[in-house]
Amino acid sequence: MKLSIVLSTQPAQFQAATFKGDLATNLARIASLGYDGVELAIRDPKLVSFDELERLVRQHNLIVPAIGTGQAWGEEGLSFTDPDPSVRRAAIERVKSHVPGAARFNAIIIVGLVRGIVRPGVDHTQAMTWLVEALQECSAAAQPAGVRLALEPINRYETTLVNNAAQGLELIERVGAGNFGLLLDTFHMNIEEPSIEDSIRQTGGRIFHFHVADSNRWYPGAGHLDFKSILAVLLATGYTGFVSGEFMPVPDAATGAQNALEHLRAQA
Ligand code: LER
Ligand code: MN
């Protein structure tokens with residue numbers, strides 16, 4: 001099992017971006033703890049020097065399995081389902097602008113909250129149509145570069161669009177692109193799935209990436225999720241990707257990351 005952990009390249013409000021702040025220091029810390037990879041949360045590729053990023057990542061022998069895009073929503077309000085077409089267009093162009101960076105690292109592009117939240121009064125069917133069209137355009141743009149996109153079902157308190165794996169699988173059918181799949185996150189699954197294990201089995205080969213946090217969104221081992229069972233089922237689907245820590249920096253990022261690593265390695 002390959003383990004990674006989320007690191008934000010910019011300041012971010014999102015609480016579960018475990019590592020934030022100085023890039024070089026954090027990459028050194030993540031590598032020294034024994035992680036195989038680092039998942040990068042990047043608000044806008046324009047704000048990042050990919051040469052410098054690649055140099056630091058390689059220096060520490062880390063792999064970048066995925067790039068998170070949610071800060072375009074969290075910090076700038078961009079979304080695929082905003083009623084304003086110029087905001088939707090900006091969100092699509094932003095996600096497409098991640099393709100060269102993702103191709104460089106052979107990383108998956110994550111579509112989390114950049115899909116939007118659908119405010120009361122906005123028609124859900126219309127929002128789903130906008131979402132499908134945006135995902136088709138982004139998947140088509142990523143395909144020639146060999147880049148894959150993964151949509152993350154997110155719990156009901158953060159969005160009303162695609163809360164569970166079954167809805168994610170329906171969306172995959174509608175988008176109809178071979179490079180489009182799902183990112184499953186144990187924190188959201190604990191809230192939304194009738195059975196975490198059954199949903200992992202049903203998603204099977206369409207699991208492109210996997211986030212872990214415990215039930216309280218602290219490090220795995222700090223809550224009541226059964227990671228021995230969850231990881232056994234995940235690996236039994238044939239999943240060969242990364243298991244990526246995305247949890248609150250409790251009691252601090254390094255201690256949480258170390259506790260997570262020890263707990264996960266002891267389970268699988
Ligand atoms: C991002 O990966 C995530 O899990 C969401 O909760 C973002 O708000
Ligand atoms: Mn997540």
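FYI, the numbering just counts along the sequence from 1. Whatever order the structure lists ligands and atoms in, that order sets their numbers, starting from 1.
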**Student:** Quick one: CD1 on I200 to CG on L235, what's the gap to the nearest 0.5 Å?
**Tutor:** 9.5 Å
**Student:** Could you pull out the closest heavy-atom pair between R43 and H98, with the gap in Å?
**Tutor:** O-NE2, 4.3 Å
**Student:** Show every salt bridge (charged side-chain N to carboxylate O under 4.0 Å, His left out) that has at least one partner inside residues 228-252, sequence neighbours left out.
**Tutor:** R217-E246
**Student:** Do you know the tightest heavy-atom contact between P45 and F50?
**Tutor:** O-CE1, 3.7 Å
**Student:** Applying side chain to side chain donor-acceptor pair (under 3.5 Å), which residue pairs with at least one partner in residues 129-149 are found, sequence neighbours left out?
**Tutor:** R89-E137, K96-E137
**Student:** Please report the closest heavy-atom contact between F19 and L33, naming both atoms and the distance.
**Tutor:** CZ-CD1, 4.4 Å
**Student:** Cut-off 3.5 Å, side chains only: do E262 and N259 have a donor facing an acceptor?
**Tutor:** no
**Student:** Between Y219 and T18, is any pair of side-chain heavy atoms under 4.5 Å apart?
**Tutor:** no
**Student:** For T203 and L169: C-alpha separation, side-chain torsions, deciding distance, then whether side chain to side chain contact (heavy atoms under 4.5 Å, CB included) applies.
**Tutor:** CA-CA 7 Å; T203 309; L169 289 169; 4.2 Å; yes
**Student:** Protein N/O/S atoms under 2.8 Å of the Mn ion (ligand 2)?
**Tutor:** E152 OE2, D185 OD2, H211 ND1, E246 OE1
**Student:** Could you list each nitrogen or oxygen of ligand 1 that sits under 3.5 Å from a protein nitrogen or oxygen, with the atom names and the distance?
**Tutor:**
unit_1, atom_1, unit_2, atom_2, d
ligand 1, 2 (O), E152, OE1, 2.7
ligand 1, 2 (O), E152, OE2, 3.2
ligand 1, 2 (O), H211, ND1, 3.3
ligand 1, 2 (O), E246, OE1, 3.1
ligand 1, 2 (O), E246, OE2, 2.6
ligand 1, 4 (O), E152, OE1, 3.4
ligand 1, 4 (O), E152, OE2, 3.1
ligand 1, 4 (O), D185, OD2, 3.1
ligand 1, 4 (O), H188, NE2, 2.8
ligand 1, 4 (O), R217, NH2, 2.8
ligand 1, 4 (O), E246, OE1, 3.0
ligand 1, 6 (O), E158, OE1, 3.0
ligand 1, 6 (O), E158, OE2, 3.1
ligand 1, 6 (O), H188, NE2, 3.1
ligand 1, 6 (O), R217, NH1, 3.2
ligand 1, 6 (O), R217, NH2, 3.0
ligand 1, 8 (O), E158, OE1, 2.4

